[in-house]
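What follows is a short report on a single structure.
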Amino acid sequence: MMKSVFIGCGAYLPQRKISNEELATKVDTSDEWIVARTGISNRHIAADDEMTSDLAYAAAVEALASADMAASELDLIVLATATPDQTFPATATKVQARLGVPGIPAFDVQAVCSGFIYALAVADNFIKVGQARNVLVIGAETFSRILDWEDRTTCVLFGDGAGAVVLRAENSASEGMRSSDRRGIMSTHLHADGRHHDMLYVDGGPSSTGTSGFLRMRGKEVFRHAVSNLAAVVGEALEANDLAPEDIDWLVPHQANRRIIDHTAKKLKMPSEKVVLTVSEHGNTSAASVPLALYEAVSDGRIQKGDVILMEAMGGGFTWGSVLARW
Ligand code: UT7
């Protein structure tokens with residue numbers, strides 16, 4: 001059986017930053033409220049001429065460089081986004097064209113904030129069955145385009161960005177090592193419950209209104225479900241791998257709300273130094289949030305080769321899931 005090993009990562013954040021103070025000049029909110037309820041202080045917003053594919057491409061180029069891999073060596077591109085450049089074609093195909101690698105499969109995965117977790121699981125399965133060896137997995141979003149900038153209950157929460165990783169197939173049956181001691185993805189767990197599709201959604205779409213619509217959320221209910229689903233999914237990952245919470249070196253959570261992250265860390269009895277937090281500076285970047293956090297902790301040297309990392313996310317649908325891996 002092949003194992004999916006992380007060999008590179010990259011990220012891109014648009015230059016323009018919007019602080020809570022700036023938002024408070026546009027809607028009835030305050031820095032105090034946003035920080036206390038969410039932990040967010042800033043978010044990055046794409047320029048008018050920047051699209052999701054531009055953010056994704058920049059992150060992809062950096063991920064390939066850090067993997068020391070030419071784009072021509074890729075044999076699959078999976079891109080997670082809920083804010084594609086166009087309804088179709090898939091944003092992945094635009095990234096593929098710019099990378100100059102025609103012919104290989106390239107497609108988008110739509111699981112909103114869980115998108116990167118879903119995309120990693122898809123890529124991992126392609127690798128495990130031997131259908132791909134080198135896979136580029138991207139999470140990229142321009143949520144600023146689907147925000148109602150007059151709705152203070154949502155517009156303060158989200159931001160734009162992109163993160164990417166390169167996975168390489170490695171034979172897992174190497175000399176006498178236990179599977180859990182080898183680098184690579186150890187498990188993926190995905191869930192969805194479409195009964196809650198109207199708690200976090202966009203009120204438009206090609207087959208309903210013919211418009212792209214704006215994000216709508218019943219925040220309190222989403223919060224409640226996020227806390228219980230994420231606690232369940234991290235427990236599920238530990239149990240499936242016969243690991244204890246103290247075996248996890250780093251929690252790399254979806255960055256929606258500091259309070260949700262704290263709750264998951266508490267459930268894992270994880271000290272805050274082992275939790276990667278970017279929510280303060282990025283806000284919620286949906287499918288980009290986990291790879292952006294991963295990138296930050298890898299770049300600043302916190303995550304080292306061989307560390308066990310637990311990634312998790314929850315988003316509209318609802319969808320939620322985890323990826324447990326040895327970096
Ligand atoms: O990525 C997908 C997953 N998404 C999430 O996980 C988001 C989950 N939800 C949340 O993070 C939180 O529910 C929010 C941050 C969205 C809201 O926090 P909350 O503690 O649940 O606040 P609330 O919605 O109950 O609102 C409390 C009060 C309300 O006023 P009243 O009715 O008590 O007078 C809101 O109108 O805060 C008011 N409020 C605001 N005040 C200042 C709502 N938004 C704002 C705002 N500034 N931006």
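Note that ligands are numbered from 1 as they come in the structure, with each ligand's atoms numbered from 1 the same way. Source: prediction; values computed, not measured.
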Sub-3.5 Å pairs, protein N or O with ligand 1 N or O:
| unit_1 | atom_1 | unit_2 | atom_2 | d |
| --- | --- | --- | --- | --- |
| ligand 1 | 1 (O) | His254 | NE2 | 2.9 |
| ligand 1 | 1 (O) | Asn284 | ND2 | 2.7 |
| ligand 1 | 9 (N) | Gly219 | O | 3.1 |
| ligand 1 | 11 (O) | Asn257 | ND2 | 2.7 |
| ligand 1 | 13 (O) | Gly219 | O | 3.1 |
| ligand 1 | 20 (O) | Arg37 | NH1 | 2.8 |
| ligand 1 | 20 (O) | Arg259 | NH2 | 3.1 |
| ligand 1 | 21 (O) | Lys220 | NZ | 3.3 |
| ligand 1 | 22 (O) | Arg37 | NH1 | 3.3 |
| ligand 1 | 25 (O) | Lys220 | NZ | 2.8 |
| ligand 1 | 36 (O) | Arg152 | NH2 | 3.0 |
| ligand 1 | 37 (O) | Trp33 | NE1 | 3.2 |
| ligand 1 | 41 (N) | Trp33 | NE1 | 3.4 |
| ligand 1 | 41 (N) | Arg152 | NH1 | 3.4 |
| ligand 1 | 47 (N) | Thr29 | OG1 | 2.7 |
| ligand 1 | 48 (N) | Thr29 | OG1 | 3.1 |
| ligand 1 | 48 (N) | Arg152 | O | 2.9 |

Can you pull out every salt bridge (charged side-chain N to carboxylate O under 4.0 Å, His left out) where at least one residue sits in residues 115-130? Sequence neighbours excluded, please. Asp124-Lys128
Salt bridge Lys17-Glu281, side-chain N to carboxylate O under 4.0 Å: yes
All pairs passing salt bridge (charged side-chain N to carboxylate O under 4.0 Å, His left out) where residues 284-303 contributes a residue, at least two apart: Asp300-Arg302
Residues which pass ring pair (Phe, Tyr, Trp, His ring centres under 6.0 Å) with Phe318, listed by chain and number, not counting sequence neighbours: His196, His225
Would you say the side-chain atoms of Arg43 pair up with the backbone N or O of Leu157, donor to acceptor, closer than 3.5 Å? no
For the residue pair Ala293 and Val276, what are the closest heavy atoms and their distance? O-CG1, 3.4 Å
